[in-house]
K.L.:
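Questions regarding the structure given below will be posed in turn.
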2 protein chains.
Amino acid sequence: MARTPPTKPRKNALQARSRATVDALVEATARILVRDGFEKASTNRIAEIAGVSVGSLYQYFPSKEALVAAVIDRHNEEIMGIVRTALAEVADLPIDKAVRKLVTIAIEAHRIDPKLHRVLAEQIPRTGQLKDVEAFNREVHDLVRTYLESRRKEMRKIDLDVATFICVSSIEAVAHNTVLNGPEMLSEKMVRTLVDETTRMVVGYLR
Amino acid sequence: MARTPPTKPRKNALQARSRATVDALVEATARILVRDGFEKASTNRIAEIAGVSVGSLYQYFPSKEALVAAVIDRHNEEIMGIVRTALAEVADLPIDKAVRKLVTIAIEAHRIDPKLHRVLAEQIPRTGQLKDVEAFNREVHDLVRTYLESRRKEMRKIDLDVATFICVSSIEAVAHNTVLNGPEMLSEKMVRTLVDETTRMVVGYLR
DNA sequence: GTATAATGCGAGCATTCGCTCGCTTTTCCT
DNA sequence: AGGAAAAGCGAGCGAATGCTCGCATTATAC
């Protein structure tokens, strides 16, 4: 048999299979969380649904918590992606346009897999994940603060950190509660009204 | 054997002791939740800390969930008491004064046993308690809505339910995040600033 | 082709948990 | 005093869970 080239020797095969296994496990965890809730999500069950053995599960995730954390990370990354993109797009817009976009985006972000979002928000005991949640909040805060800083001339004199804190908290809460209150509040018309009103409040506050 | 008198026959003795037992159990549950978190709060442990046997525990609480629910109810009742009182006091005040008071109260209410509040918010899987939380939110919403209705002339034309939803969500979120962010944000000065700013935002929005 | 390492397997262990049940102690009533 | 009812007790059961470990299977290297 011919020689195998020196490059790319020892991790291909390993990755092809194990990557798939890891993905299947995370996906299975998410599905069980949505379908049966946190309490019913045992490692045995997760492995079963993923079509993987418990033993293999524990080769890639040291604990059940790690598995759930992976699901949370994936979800958070999705949301952060949206938020980052939105804030980049908004960088050159005046405050009123920017806030409107951000409010819209906030609701949209919460609408990604709302069932999973609900389970993560309501059923997952935040044990150890505190760091992650904090980092998440921190990044959002910093991004928004940076934007506001660049638009300071449109604003009244105001402590930037306080303003950011209040605006982010409020927008997030409206988006969160809107989505959690079920599909009733998610009619096109309702969403538009909420975006209008929240934007009005925040913009009015900032300047 | 003589007849047992019709009035107050069968619950006196029961109440002196059992009242104390029930209280001890609820108190112990709260303490364990704060000290060790939800996961460590087993019924055996709760009974032990309460100085009561597991058997007795199950005479008064049909399940662990019921015990936790009792703690939540107690906490919610405390908060609702404050909120109800505040809204009564505020009924005759103009919007700016009223909102300021409500924001202050919201933070104060969240400051009742903040550690317990944090555990309840972050660690308790909301399973079955959904109804209670909904009822709680509902009552707050209705109280605030009623106040705003009585002050409509001071306000711009606006959908009352939407306005209530946005204001309550925002105020609650600011209070919640303020308290959860730890004692750093709770200096006298900081709190005053937050109250000022949040009040400004909400009042500006409403009129 | 064969040795070696990577990956996967799953019965089962140790532990914990929620909860029951047969019994004792305390309180009340007469 | 005496007996019935209320309250309390706690060893322990059955079920479930997170996780281990010795072995089987598959891929890679040469």
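Scope of the values below: all heavy atoms of this structure, side chains included, with no hydrogens, waters or symmetry mates. Quick note on labels: first sequence line is chain A, next is B, and so on, each numbered from 1.
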K.L.:
Determine whether the side chains of S56(A) and S53(A) contain a donor N or O and an acceptor N or O closer than 3.5 Å.
P.N.:
yes
K.L.:
Atom CD1 of I46(B) and atom P of dG10(D): how far apart are they, to the nearest Å?
P.N.:
17 Å
K.L.:
Should the pair R100(A)-D96(A) be classified as a salt bridge under the 4.0 Å nitrogen-to-oxygen rule?
P.N.:
no
K.L.:
In whole angstroms, how far is the P atom of dT17(D) from the CD atom of E48(A)?
P.N.:
12 Å
K.L.:
Going 5' to 3' through nucleotides 8-21 of chain C, assign each nucleotide B (protein heavy atom under 4.0 Å from a base atom), S (under 4.0 Å only from sugar-phosphate atoms) or - (no protein heavy atom that close).
P.N.:
BBB------SBBBB
K.L.:
Check this for me, if you would: do R74(A) and E27(A) make a salt bridge, where the nitrogen-to-carboxylate-oxygen distance has to be below 4.0 angstrom?
P.N.:
yes
K.L.:
Should the pair R31(A)-D36(A) be classified as a salt bridge under the 4.0 Å nitrogen-to-oxygen rule?
P.N.:
no
K.L.:
Closest heavy-atom contact between T29(A) and I46(A)?
P.N.:
OG1-CG2, 3.4 Å
